[in-house]
Amino acid sequence: MFSRSARRGIFDVRCSSIPIWTRQAQCLLHQGSTGSQFQATPHEIPPQSATSSAASPSSSPSSASLERLSSRPQRHGVLANETTTTSSALDFVPQTRNHVPLNKQPVKPVFTHPLTLTKSLVSMLPHLTSQPPHYISAHLHARPYLLTAGDHLRLPFLMPNMNAGDVLRFNRASVIGSRDFTLKGTPYIDERMFECRVRVLGVDAEPLRIKEKTKRRQRHVRRVKSKHKYTLMRVMDVKVKTVEELLEEGAHVIEDGAEGCEHSSKVETKD
Amino acid sequence: MPIQGIRSVTKGRNGVGAFILQCKRLDFHYCDWAGSSRGMLSFLQHYLPSFAKANPQIEIRVSPRPNKHPVVKGHYVNGREKVICVRKLEKEQILQKANLLKEASGEKLKRTKKPVTSLNESVRGIWSPYHGDIKTV
């Protein structure tokens, strides 16, 4: 059995036996994995740039409930530039997702069928799109969150591998509505019909909870402590795409009675 | 639809347009003599340069605090500060604590039950019995 000092001595020896460059690389890798690279969003980059790129039919969303839409390509571009300039130097600029292997990167969404709109939906959708503000009932891990633009969302769990400043797109919604009109999904609205983006603000914790556990006829009281962490988010925009945008992206218009229309969404008016 | 007047008061909502990290400064205090600062000293040597480089928007101060335990202190945009004592912690644990302070919002920890907090008015309005059609039961 080792004493603590002996173990520490072994640890030190092991650390010091590693050459300097590998140790530095380790540090930097560790830094890259946990110490996240935060980049403040400059004012001049509107979220619509990401919107337009994501909204193109070539990059259509997947069945996953989240699509990571932060400025990854830009960051990678930046990284490429920097490594070419300072490839010989040992000073390394850590990046967030650089260590993630290619097969674990977020999957680009693939759709087999184009979006189909019924004629009644095409006739009713302009009423909804032209009446801001909108609300959305976005589903995440089978829980609905009723959101409007600018809301603060504190998820009831800690979302892993998130950094402050990341932008997510919620792509599962059951209801989108305005004051007088509601677009209902059966059970979910097609994710190509709307856009809902949230930005990760950081991580919050609850106050320490102490639960006192007792046994009978014993004076001993066990105190169980727990302190959960939660992810904080801010809803950036809630947007319903107009009919023109949907048709540009390759949506098909079908008759009301045609097959396949039972899966399409419907716009309802308020009573 | 009711007539909406121009709202004069703007509300600060970080992250809707631009995003600003709430942690603005991190202070690292250490003691040269005491053994509880050993992990802190190696953190300052090995991890702090890359941490500071990865977070250019956070001001980082390192200062001695003799005859006291090592401490990491975070200062936030809302004026509050969070202090974590890192006595006898290894350098990786201290890095975790620094990341915790970096991602925190600076608010006092509260237990909330509702996930969504909204400053907006209700989108669909408040129901009124005097408007709309006559309801038949």
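The sequence lines fix the lettering, A, B, ..., with proteins before strands; numbering per chain opens at 1. Small disclaimer: the values here were computed from a predicted structure and weren't measured. The figures here come from the full heavy-atom set of this structure, side chains too, leaving out hydrogens, waters and symmetry mates.
- Closest approach of B:Arg111 and A:Pro207 over heavy atoms only: N-CD, 3.7 Å.
- Under the rule for a ring-ring contact (aromatic ring centres under 6.0 Å, His included), B:Tyr30 has no partner lying at least two apart in sequence or in another chain.
- The shortest distance between side-chain heavy atoms of B:Asn120 and A:Asp151 falls below 4.5 Å.
- Only the backbone of A:Ser178 comes within less than 4.5 Å of a heavy atom in chain B; its side chain stays farther off.
- Inspection of the B:Thr112 and A:Arg154 side chains reveals an N or O donor paired with an N or O acceptor under 3.5 Å.
- In this structure, chain B has a heavy atom under 4.5 Å from the side chain of A:Arg209, while its backbone stays farther away.
- Only the backbone of A:His134 comes within less than 4.5 Å of a heavy atom in chain B; its side chain stays farther off.
- Contact annotation: the side chain of B:Leu100 approaches that of A:Lys229 to within less than 4.5 Å [non-hydrogen atoms, C-beta and beyond].
- Considering OG of B:Ser122 and CG of A:Leu146, their distance stands at 9.0 Å, rounded to 0.5 Å.
- Side-chain contact check for A:His152 versus B:Arg13: every heavy-atom pair is 4.5 Å or farther apart.
- B:Phe19 is not listed as a side-chain neighbour of A:Val200, based on a closest heavy-atom distance of 4.5 Å or more.
- The number of heavy atoms from other shown groups lying within 6.0 Å of NZ (B:Lys82) is above 12.
- Here the side chains of A:Leu155 and B:Pro115 are not in contact, with every heavy-atom distance at 4.5 Å or above.
- Side-chain contact between B:Val16 and A:Arg234 is present, with at least one heavy-atom pair separated by less than 4.5 Å.
- Contact detail for B:Asn14 and A:Leu201: the closest heavy-atom pair is O-CD2, 3.6 Å.
- The OG1 atom of A:Thr231 sits 9.0 Å away from atom CD of B:Glu103, with the distance rounded to the nearest 0.5 Å.
- Contact check for B:Val116 versus A:Leu147: side-chain heavy atoms found under the 4.5 Å cut-off.
- Between chain B and the options A:Val203, A:Leu208, A:Leu153, A:Val235, heavy-atom pairs under 4.5 Å are most frequent for A:Val203.
- Defined by atom type and a distance below 3.5 Å, a donor-acceptor pair is missing between the side-chain atoms of A:Asp204 and B:Ser105.
- Atom-to-atom distance recorded for A:Leu232:CG and B:Gln22:CD is 10.0 Å, nearest 0.5 angstrom.
- Here the side chains of B:Arg124 and A:Tyr135 are in contact, with some heavy-atom distance below 4.5 Å.
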